[in-house]
J.: 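Mind looking over this structure? Questions follow.
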Amino acid sequence: MTEVRVPTLGESVTEATVATWFKKPGDSVAVDEMLCELETDKVTVEVPSPVAGTLSDIVAAEGETVGVDALLAQIGEAGDAPAPKADAPSKDAAPEAPKAAAEDTSSNDPTHNGPMADAPGPAVNIMVPTLGESVTEATVSTWFKKPGDTINADEMLCELETDKVSVEVPAPASGVLQEILASEGDTVAAGGVLAKMTSGGEGRPHSVADGTPETTTSPEAQGDTKPDVENAPSANKIMAEKGIDPATVQGSGRDGRIMKEDVANAEAAPAASAPAAPAPAAQAPRAPVAADDAAREERVKMTRLRQTIARRLKESQNTAAMLTTYNEVDMGAVMDLRNEYKDLFLKKHGVKLGFMSFFTKACCHALKEVPEVNAEIDGTDVVYKNYVHMGIAAGTPTGLVVPVIRDADAMSFAAIEKAIAEKGARARDGKLSMAEMQGGSFTISNGGVYGSLMSSPILNPPQSGILGMHKIQDRPMAINGEVVIRPMMYLALSYDHRIVDGKGAVTFLVRVKEALEDPRRLLMDL
């Protein structure tokens, strides 16, 4: 039996929703044939079949939310019957599970540790999820369940702590927790096995302790609070010890769940009054609003993409020593060159000649002279990139995404324009993969397409630089003692002052300006 699991979804993306199953149990599948489609807050991810065979069991139905590495389905050998319908006595315990459960409901008892504990279904490993770039291990902080407990799919099982963040580990399926392999305090590697469980059928009771099969929360572990809004035990412990009101702490976990680092941040903040602290919408009320105003308001839950954007931008401000330097560039030379060759360029290369290829080339040229703008900080090390993976910020109906053009420094104008056009179209259609938005070393953001005259772009961590383009506007300029109307654009470079000095930032922006005002410098490598 081969397991089909949720693939890595990308940086900062920990869960997805099962959108569509293209196959049903009993169907034959070929290697790499699409089994299902997952939707995240950024992209749609297709899940191919890892082997050829017969789809035996679908664990995560359409509409369910699943975490990274969660079990989606199981594939048996070609010709095998679907697992839920198998009743042959010669089969192993896994196919017998539904039959056994129907004959003896005591197999659902979460406190039963005998042979019948394996009856609900096949064994499933609970794995350490992807911990992020450069993070290879974590410490098991808290287990919310114990062996024998009944668990629901996506219910929080344990909490891991790394040197950067706390990571919640959800159940990959509904069933019974059989064995915990990594105890609290143990150090585990990414991709390691934390525990073992047996998967169960849909609609099995979560807890039989209170005789309420409808409940979705374990009373022993979670009290009267739903698991997806229960604060981290480590956070509750610190708040209790230090007398911190949970209503004054902004939770960064799922649905406002307060994590350990949230308490530390709240404690480090200036000790003003409790109402001054931002409060989670699910746990603390807003400031009073007049009744007639409240009747005209509309409350809409933030999309996952918007929550991710908000979190990452705030992390960038909190982490980097961000500073912005400005300059202006006369776009006349680029506009003249573009007007002269745009028809011939389109005829030969099949793509329009825009401004982005000039800016991309100019930035690649400047990054060679000022390599720290193309570097990043990793702990106490500076990682210099001997390549340029250019991120091009693109606005979509659902929010801002940054597809990456890899090795842009080795590409021609035509290749850059084709890549930008192709990735821009995929971004608007929501078809970008996570791999296409990872690994960027520098970013260009064009607010000018929306009419922005001046702005300060925010860094896209862990990058150390981002160039902001703006609207081209005719302005009077003094040239050779005369006032001349020229097409001018303001440029803004935001950079991480921890790694880039002011001299390097200004030099970079001047080199970009020079290359755009005289594109021949790009040909001469000047």
Side-chain angles (χ1 to χ4, degrees), residues 312-331 333-334 354-377 382-385 387-395 400 402-405 408-409 416 420 439-473 475 487-519 521-522 526:
R312 286 183 60 82
L313 292 182
K314 190 57 183 174
E315 287 175 354
S316 177
Q317 286 185 322
N318 293 340
T319 303
M322 193 165 61
L323 191 63
T324 305
T325 185
Y326 302 91
N327 212 318
E328 60 182 353
V329 56
D330 185 338
M331 294 294 294
V334 170
F355 292 119
M356 289 303 301
S357 55
F358 286 94
F359 277 87
T360 300
K361 278 289 190 180
C363 287
C364 291
H365 179 74
L367 288 172
K368 292 180 181 179
E369 183 174 343
V370 192
E372 60 265 31
V373 182
N374 195 47
E376 69 178 62
I377 294 177
V382 176
V383 181
Y384 290 95
K385 312 293 181 65
Y387 52 83
V388 178
H389 292 342
M390 187 67 71
I392 306 293
L400 184 71
V402 187
V404 175
I405 300 176
D409 54 324
I416 292 173
I420 292 175
S441 59
F442 185 82
T443 296
I444 299 177
S445 177
N446 186 6
V449 295
Y450 304 109
S452 172
L453 185 64
M454 175 74 78
S455 67
S456 300
I458 297 179
L459 288 172
N460 184 19
Q463 298 173 21
S464 297
I466 178 172
L467 179 75
M469 299 167 53
H470 299 93
K471 177 183 177 181
I472 300 174
Q473 182 165 298
R475 291 202 300 273
M488 304 299 295
M489 176 192 287
Y490 288 119
L491 298 179
L493 175 70
S494 292
Y495 59 97
D496 190 344
H497 213 343
R498 296 178 301 168
I499 182 175
V500 182
D501 293 330
K503 176 185 176 183
V506 172
T507 300
F508 172 88
L509 206 51
V510 168
R511 294 295 177 266
V512 171
K513 170 185 170 69
E514 292 174 345
L516 293 171
E517 291 185 339
D518 185 4
R521 299 175 66 93
L522 296 175
L526 299 176

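Along the sequence shown, the residues carry numbers beginning at 1. Here the structure is a predicted model, which means the values were calculated and not measured.
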J.: Can you check whether Asp409 reaches Leu367 side chain to side chain, under 4.5 Å on heavy atoms?
T.: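 Sidechains of Leu367 and Asp409: no contact.
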
J.: Would a 4.5 Å heavy-atom cut-off, applied to side chains only, mark Leu493 and Asn327 as touching?
T.: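 They are not in side-chain contact.
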
J.: Taking it one step at a time, do Leu491 and Phe359 satisfy side-chain contact (heavy atoms from CB on, under 4.5 Å)?
T.: CA-CA 11 Å; Leu491 298 179; Phe359 277 87; 3.6 Å; yes

J.: For the residue pair Val382 and Ala375, what are the closest heavy atoms and their distance?
T.: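 Distance-wise, the nearest heavy atoms are CG1-CB, 4.0 Å.
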
J.: Is there a donor-acceptor pair under 3.5 Å between the side chain of Glu328 and the backbone N or O of Met488?
T.: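 No.
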
J.: Do Arg498 and Asp496 meet the salt-bridge criterion of a basic N to acidic O distance under 4.0 Å?
T.: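 Here Asp496 pairs with Arg498 in a salt bridge, since their nearest N and O are under 4.0 Å apart.
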
J.: Would Val512 and Val329 count as a side-chain contact (heavy atoms from CB on, under 4.5 Å) if you check the C-alpha gap in whole Å, the side-chain angles of each, and the deciding distance to 0.1 Å?
T.: CA-CA 9 Å; Val512 171; Val329 56; over 6 Å; no

J.: Counting C-beta onward and ignoring hydrogens, is there a side-chain heavy-atom pair between Phe442 and Val373 closer than 4.5 Å?
T.: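 Yes, close enough: below the 4.5 Å cut-off.
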
J.: Side-chain contact test, heavy atoms from C-beta onward, threshold under 4.5 Å: evaluate it for Glu369 versus Thr507 and give yes or no.
T.: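 Of all side-chain heavy-atom pairs linking Thr507 with Glu369, at least one is under 4.5 Å.
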
J.: So which heavy atom on Val388 is nearest to which on Cys364, and how close?
T.: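 Looks like CG1-SG, 3.8 Å.
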
J.: What are the two closest heavy atoms between Leu459 and Pro461, and how far apart are they?
T.: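 Looking at all heavy atoms of both residues, the shortest contact is O-CD, 3.2 Å.
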
J.: Donor-acceptor check, side chain of Ser494 to backbone of Ile466, threshold 3.5 angstrom: yes or no?
T.: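 Checking the backbone N and O of Ile466 against the side chain of Ser494, no donor-acceptor pair under 3.5 Å is found.
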
J.: Would you mind reporting whether Pro462 and Ile377 have side-chain heavy atoms less than 4.5 Å apart?
T.: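 They are not in side-chain contact.
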
J.: From Thr443 OG1 over to Ile458 CD1, what is the distance, rounded to the nearest 0.5 angstrom?
T.: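 Rounded to the nearest 0.5 Å, the OG1-CD1 separation comes to 12.5 Å.
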
J.: Just verifying a value: how many Å separate Cys363 SG and Lys368 NZ, rounded to the nearest 0.5 Å?
T.: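 Cys363 SG to Lys368 NZ: 13.0 Å, rounded to 0.5 Å.
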
J.: Look up atom CZ in Phe508 and atom CG in Asn374, then write down how far apart they are to the nearest 0.5 Å.
T.: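 Going from CZ on Phe508 over to CG on Asn374, the span is 8.5 Å.
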
J.: So, taking the atom named CG in Leu467 and the one named CD1 in Ile444, what distance separates them when rounded to the nearest 0.5 Å?
T.: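 Separation between the atoms: 6.0 Å.
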
J.: Any donor-acceptor pair under 3.5 Å linking the side chain of Glu517 with the backbone of Asp330?
T.: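 Yes, because the side chain of Glu517 sits within donor-acceptor range (under 3.5 Å) of the backbone of Asp330.
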
J.: Rounded to the nearest 0.5 Å, how far does CG of Leu516 lie from CZ of Phe355?
T.: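 If we round to the nearest 0.5 Å, Phe355:CZ and Leu516:CG are 10.5 Å apart.
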
J.: Check whether His470 reaches the backbone of Tyr490 with its side chain - one donor and one acceptor, N or O, closer than 3.5 Å.
T.: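 Yes.
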
J.: Identify the heavy atoms of Pro487 and Ile472 that sit nearest to each other, and give their distance.
T.: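 Between these two residues, the closest heavy atoms are CB-CG2, 3.7 Å.
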
J.: Report the distance from atom CE of Met331 to atom CE of Met469, rounding to the nearest 0.5 Å.
T.: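 Here the interatomic distance stands at 6.5 Å.
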
J.: Using a 4.5 Å cut-off on heavy atoms from C-beta on, say whether the side chain of Val370 contacts that of Arg511.
T.: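 Heavy-atom side-chain distance check fails, nothing below 4.5 Å.
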
J.: Return the minimal non-hydrogen interatomic distance between Ala492 and Thr324, and the atom names on each side.
T.: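 Smallest heavy-atom distance, with atoms named: CB-CG2, 4.0 Å.
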
J.: Looking only at side chains, do Ser456 and Tyr326 share a donor and an acceptor under 3.5 Å apart?
T.: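 Yes, side-chain donor-acceptor contact under 3.5 Å.
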
J.: Looking at Ser441 and His389, would you say the former's side chain and the latter's main chain have a donor-acceptor pair under 3.5 Å?
T.: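 Yes, Ser441 side chain to His389 backbone: donor-acceptor pair under 3.5 Å.
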
J.: Which pair of heavy atoms, one from Ala408 and one from Met390, lies closest together, and at what distance?
T.: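 Where Ala408 meets Met390 most closely, the heavy atoms are CB-CB, 3.9 Å.
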
